[in-house]
Each structure stands twice: as C-alpha cells, then as structure tokens.
Number of protein chains: 2
Amino acid sequence: MSGPRFEPVRAVRAYERVVEQVEEAIESGALSPGERLPSERELMVQFSVSRSTVREALRVLQARGLVRSRPGDPNGAEVLPFTPAALHKSMTTLARVEELSLAELVQFRMVLDSAAILLAARLRTDEQLAEMAEAVARMRAALELGEDAFSAADVAFHEVVARAGGNKLIQICTDVVRSIVVRLISEKLAGAPDREALMRQSIRHHEEVIAAIRLADGPLAARLSRKAMYDYYAGYVPAAERGVLRALLD
Amino acid sequence: MSGPRFEPVRAVRAYERVVEQVEEAIESGALSPGERLPSERELMVQFSVSRSTVREALRVLQARGLVRSRPGDPNGAEVLPFTPAALHKSMTTLARVEELSLAELVQFRMVLDSAAILLAARLRTDEQLAEMAEAVARMRAALELGEDAFSAADVAFHEVVARAGGNKLIQICTDVVRSIVVRLISEKLAGAPDREALMRQSIRHHEEVIAAIRLADGPLAARLSRKAMYDYYAGYVPAAERGVLRALLD
DNA sequence: GCTAGTGCACTGGTCGGACCAGTAGGCTAC
DNA sequence: GTAGCCTACTGGTCCGACCAGTGCACTAGC
C-alpha cells in the first residue's frame with residue numbers, strides 16, 4: 001500500500017529562483033532582446049535578496065547567453081537575441097571532455113550538411129541559388145588570395161545552403177560543428193600536403209552540388225555533398241576511422 | 001601599410017579568469033570527474049580574489065555542468081562527468097526563444113535518427129541487435145501497460161540504435177532533441193485520436209527497421225525509419241508544414 | 001573492549017556594506 | 001551655441017559576518 005506520494009524536495013537556492021523567473025520572462029517573450037533588466041540594486045529590492053544573490057543569478061543567465069551586462073552602463077543588463085554561443089560552448093566542451101574524434105565530428109557534418117542540401121534542393125529560391133554560385137566563384141578567386149579567403153567563401157556557401165534548407169536547428173548545429181572542426185584542423189591545415197589540389201577538387205565538388213540543386217535533384221546533391229566532405233577531410237582523419245565515414249557514402 | 005596589429009583588449013573580469021583556469025584543468029584532464037575542487041575559501045587564496053568572485057565563477061561552471069557544489073559538504077565542489085544537461089538546456093532555450101516548430105524538431109530527428117540507424121546497420125553487434133528486438137518486444141507488451149511503458153521501450157530502442165551507430169555526438173543530439181519533442185507533444189498525446197492504432201503501426205515499423213538492420217541493409221533501414229517517424233508524428237504537425245517532412249521521404 | 005552519541009570544525013548559501021572605475025546626460029562656463 | 005565638467009548612476013570587486021548543514025573525531029556509556 002503506497003501512502004501519499006511525497007515528492008522529494010530539493011533545496012532550491014535563492015539565486016536559482018531568480019534565474020528561473022528572469023528566464024521565464026525572457027523565453028515567454030515578456031522581455032524582448034534589446035530590452036533592459038532593472039539594475040542589480042533594483043533587482044535585489046524586487047526579489048528581496050542580497051546583491052550577491054542577484055549577481056550569481058545574472059552570471060548564470062549570462063553563461064546561458066540570455067543577458068549581458070556592461071560596467072558603467074546606466075541601464076541594467078541587456079536582454080540578448082538568441083545566439084548559439086551557449087550551444088557552441090557546450091558542444092565544444094563535449095568535444096573536449098568526451099574526446100570526440102575528428103571522424104565523429106566530420107561524420108556529423110556529413111549527415112546534417114547533406115540533409116540541409118537535400119532540403120535546399122527542393123526549397124531554394126533562385127536568389128539563393130545565385131548566392132551559392134557566387135560563393136563558389138569567390139572560392140575560385142580565393143585560390144589566388146589564400147587560405148582564409150577560401151575558407152570564408154566556403155563557409156558562406158554552406159550558410160546559404162543551410163538557410164535555404166529552412167530548418168533553423170540544422171542550420172545552427174551545422175554552423176557550430178563546422179567551427180569546431182575548423183578549429184580542430186586549423187593547425188594541421190598549414191602543413192598539409194597539396195592544399196591547392198584539395199581546394200581545386202573542393203571547388204569542382206561544390207559546382208557539382210550546385211548543379212544538382214539547380215535541377216532540384218535533392219538526393220543526388222546530398223550524395224555529392226557527402227562525397228565532397230569526405231574527400232576534403234579524409235586526409236586529416238586517421239585511416240582506421242575512415243571506414244565509418246565511408247559508411248555514409250552510397 | 002598596416003602597422004603593428006594591435007588586438008582589441010576586452011576587459012576580462014576576474015571571475016572569468018577563474019572560470020577559464022578551472023575549465024582548462026577539467027577539460028585537459030588535470031581534474032577528473034569525482035575529484036574535488038578546493039573549498040571556496042581555499043580558492044580565494046589560490047586565485048587571490050574575494051569569495052564573491054570565486055562564487056560567481058563557480059556558478060558559471062555549474063551552469064555549464066562541469067561542477068556541482070553541495071552545502072555542508074566538507075570537501076569542495078565536485079567535478080562532474082560530462083552530461084548533455086547544458087546542451088539540453090541551450091537547445092531547449094533555442095526551441096523556445098527561436099520558436100522552433102515541431103516540424104523542424106521532428107525533421108532534425110528524422111535526419112539524425114536515420115543516420116544512426118544507417119550506421120547501426122553496418123556496425124551493430126549481435127548482442128545489440130538482440131537488445132533492439134527486446135525493446136520492440138517490450139513496446140508490444142506495453143500495449144497492455146499504457147503510454148509510459150510504451151514510450152520507455154521506444155526510447156530504449158532508439159538508445160541502443162544510437163549507441164550501435166558509434167557516433168557519440170549523434171547519440172547525444174538525438175537524445176536531447178527527442179526529449180524536447182516528447183515534452184512538446186506530451187500534452188497533445190493524451191487526447192490524440194486512435195493512439196492504439198498509432199502504437200501498433202509504430203511497432204510494425206520498428207520491426208521492419210530491425211529486419212533491415214539484421215540484413216545490414218543500411219539505406220533501407222534508414223528510409224524505413226524516416227517513414228516510421230513521419231507516420232508517427234505527422235498527425236501532430238500542422239498540415240502546412242508536413243511538406244518539409246515529406247521531403248525527407250524517398 | 002566496542003559502540004552509540006555528541007560536539008566541533010569545516011563547508012556552502014546568503015546577507016549587508018563598502019569602494020572603485022566607468023558611463024551618460026545634464027549643467028555650467030565660456 | 002558649444003565645449004567641457006560634474007554628478008548620479010552603473011557593474012565589478014572586496015570584506016566581514018551569520019546561518020544551516022555535513023563529516024569526523026572524540027567521548028561517554030555499555
């Protein structure tokens with residue numbers, strides 16, 4: 001016979017209550033990006049807590065990327081528009097403490113990027129298609145300009161595609177993981193053999209993908225994009241782990 | 001001619017320095033999960049900052065899921081093993097403030113889950129295959145037991161698959177997004193028409209997927225899983241948005 | 001001798017007050 | 001009318017204090 005079901009009471013700290021209330025106000029839209037929170041001294045009155053408690057709450061909210069405070073600002077903390085910064089931070093942490101391999105990260109990109117391309121092939125506007133072509137043109141021009149320009153144009157291409165795919169979650173996740181991958185291999189990048197050949201090949205691949213997108217052949221575009229990413233990154237992945245990447249090639 | 005390249009100096013607060021140092025120690029492995037940080041009073045000596053500053057740093061580290069502190073604990077804060085809690089938090093925030101639609105979330109699951117299944121079809125062990133079959137058996141048994149048991153068995157199935165796929169990032173992301181989706185539709189779930197038919201259909205689909213995995217036919221298994229997820233969730237997605245989901249069906 | 005119980009020394013959580021450097025905007029002096 | 005100062009705020013940091021917990025060593029009782 002089970003008696004009255006008591007719920008475990010976890011001791012909830014004062015600053016957590018403050019965090020919850022402010023968080024709720026932001027997520028419900030009662031506070032919009034750009035608006036200001038009351039000053040810390042005002043908040044301590046409203047919440048009936050000390051300033052230390054208010055400040056600990058604000059630190060948490062700041063760590064979650066919801067607000068930002070600036071010393072000397074005559075207004076209170078500013079409510080920020082959503083940025084994937086917190087997502088980025090926790091994924092980076094994940095990558096470090098869980099020791100995610102480069103193979104896993106690249107595989108993740110192959111999956112999500114090709115999905116975005118599949119969707120983009122069906123949903124893209126003509127304008128977006130032109131943007132993609134322009135980005136690839138800039139990649140080609142960057143052959144003369146150097147690594148950074150090439151990389152920037154490449155990022156621009158993938159951003160247009162992700163946007164055209166219409167799924168914000170995919171868009172943000174690809175973006176976050178891409179930056180992690182880029183940082184991981186940036187040091188290896190300089191000393192890599194035959195960078196220029198790799199870049200030329202990458203450009204060809206991108207052009208093939210665009211052609212498939214133009215024809216609205218999503219599955220083909222997706223397949224080509226996976227192949228492109230594999231060819232581009234396989235050299236940086238230990239040979240033993242390349243098998244799991246090839247599993248995604250048709 | 002560009003002179004010496006000065007970097008912008010952003011004012012770095014004291015507590016941020018503390019966060020960085022502790023974070024580095026954890027991520028580099030100098031501090032392992034289960035180990036203890038020095039007490040707050042000890043940390044204020046080591047870092048030469050006040051206790052308030054130490055505490056703000058600890059709040060940030062706690063928000064990132066790296067440490068936990070318990071009142072009265074004679075030891076310092078405990079270094080935690082990685083949990084996707086922070087990732088979960090930021091994705092949930094993303095879902096709320098960016099107003100991710102259920103369609104986007106389900107689409108994301110279709111993509112990642114089918115990728116995991118594709119990989120699992122090639123990499124799974126016989127033992128994992130048996131686990132999958134057992135999970136589906138429990139789903140069938142749960143027809144008598146109710147919604148919760150069914151859902152739990154379903155989760156177990158997808159967890160085995162994700163594990164068998166061998167990509168921790170995919171595994172964690174599917175897990176996080178699944179819980180968000182589940183919470184989103186949990187209220188609609190009770191009043192849904194013809195739940196039992198949906199559950200029976202879902203079981204059939206799962207069995208088809210297992211069959212394909214058993215035959216190591218990854219692409220088939222992946223396709224079937226996308227179809228399964230579409231059929232299961234389409235009813236909860238506004239008709240106007242179902243098109244983008246169907247774009248993933250072959 | 002061993003065990004059960006009691007303090008004690010420590011922990012984190014919270015509070016209040018204080019000072020500093022920085023900012024914005026009103027005010028004053030030119 | 002404008003340039004420059006002044007003031008009233010802001011957040012960042014520090015300090016000292018108190019409280020309610022916790023674990024452990026020590027002690028009193030068997």
Side-chain angles (χ1 to χ4, degrees), chain A residues 6-23 25-26 31 33-80 85, chain B residues 6-23 25-26 31 33-80 85:
Chain A
F6 296 119
E7 297 205 346
V9 283
R10 95 193 144 90
V12 55
R13 295 80 181 272
Y15 79 89
E16 287 180 336
R17 305 279 220 83
V18 175
V19 168
E20 282 170 16
Q21 287 197 46
V22 177
E23 205 166 28
I26 294 178
L31 280 170
E35 287 192 67
R36 300 308 190 100
L37 258 51
S39 74
E40 295 181 358
R41 288 166 177 86
E42 173 65 27
L43 286 174
M44 65 186 265
V45 175
Q46 290 192 24
F47 287 109
S48 303
V49 294
S50 73
R51 196 164 154 228
S52 326
T53 303
V54 168
R55 283 183 60 74
E56 291 187 24
L58 288 178
R59 287 288 84 82
V60 173
L61 291 168
Q62 183 166 320
R64 295 198 181 144
L66 293 175
V67 305
R68 176 187 53 179
S69 40
R70 214 162 38 98
D73 193 327
N75 302 310
E78 181 183 2
V79 177
L80 295 176
Chain B
F6 295 120
E7 298 203 345
V9 283
R10 92 193 144 89
V12 54
R13 295 80 180 271
Y15 79 89
E16 286 180 338
R17 306 279 220 83
V18 175
V19 168
E20 282 170 15
Q21 287 197 47
V22 177
E23 205 167 27
I26 294 177
L31 279 169
E35 286 192 67
R36 300 307 188 102
L37 258 49
S39 75
E40 295 181 359
R41 287 166 178 86
E42 173 64 28
L43 286 174
M44 65 184 264
V45 176
Q46 290 191 26
F47 286 110
S48 303
V49 294
S50 74
R51 197 165 150 228
S52 325
T53 303
V54 168
R55 284 183 60 75
E56 290 187 24
L58 288 178
R59 287 289 84 83
V60 173
L61 291 168
Q62 184 166 322
R64 293 195 183 147
L66 293 175
V67 306
R68 177 187 52 180
S69 41
R70 214 161 37 97
D73 194 327
N75 302 309
E78 181 183 1
V79 177
L80 295 176

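Letters go in sequence order (proteins before strands), and every chain restarts at 1. Keep in mind it's a predicted model, so treat the numbers as computed, not measured.
Within the 4.5 Å cutoff, the side chain of B:Ile26 has heavy atoms near those of the B:Val67 side chain. Between A:Arg13 and A:Glu56, the closest side-chain pair of non-hydrogen atoms is not below 4.5 Å. The shortest side-chain heavy-atom distance between B:Arg36 and B:Asp73 falls under the 4.5 Å cut-off.
Atom CZ of A:Arg36 and atom P of D:dC9 are 17 Å apart (whole Å). Between the P atom of D:dC14 and the CG atom of B:Leu43 lies a distance of 13 Å, rounded to the nearest Å.
Within a 6.0 Å radius of CZ in B:Arg17, no more than 12 heavy atoms belonging to other residues, nucleotides or ligands are found.
The bend of the helix from C:dG1-D:dC30 to C:dC30-D:dG1, defined by the angle between the axes of its first five and last five pairs, stands at 20° to the nearest 10°.
Judged as a side-chain contact (heavy atoms from CB on, under 4.5 Å), and not counting sequence neighbours, the contacts of A:Ala85 are A:Thr83. With sequence neighbours excluded, the residues forming a salt bridge (charged side-chain N to carboxylate O under 4.0 Å, His left out) with A:Glu78 are A:Arg68, listed by chain and number. In this view, B:Ser52 and B:Ser50 satisfy the side-chain contact (heavy atoms from CB on, under 4.5 Å) rule, not counting sequence neighbours. Shown here are the side-chain contact (heavy atoms from CB on, under 4.5 Å) partners of B:Pro38, two or more places apart in sequence or in another chain: B:Glu42, B:Leu43, B:Gln46.
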For this session: Determine, for nucleotides 4-17 of chain C in 5'-to-3' order, which nucleotides have protein heavy atoms under 4.0 Å from the base (write B), from only the sugar-phosphate (write S), or from neither (write -).
Result: -------BBBBBB-
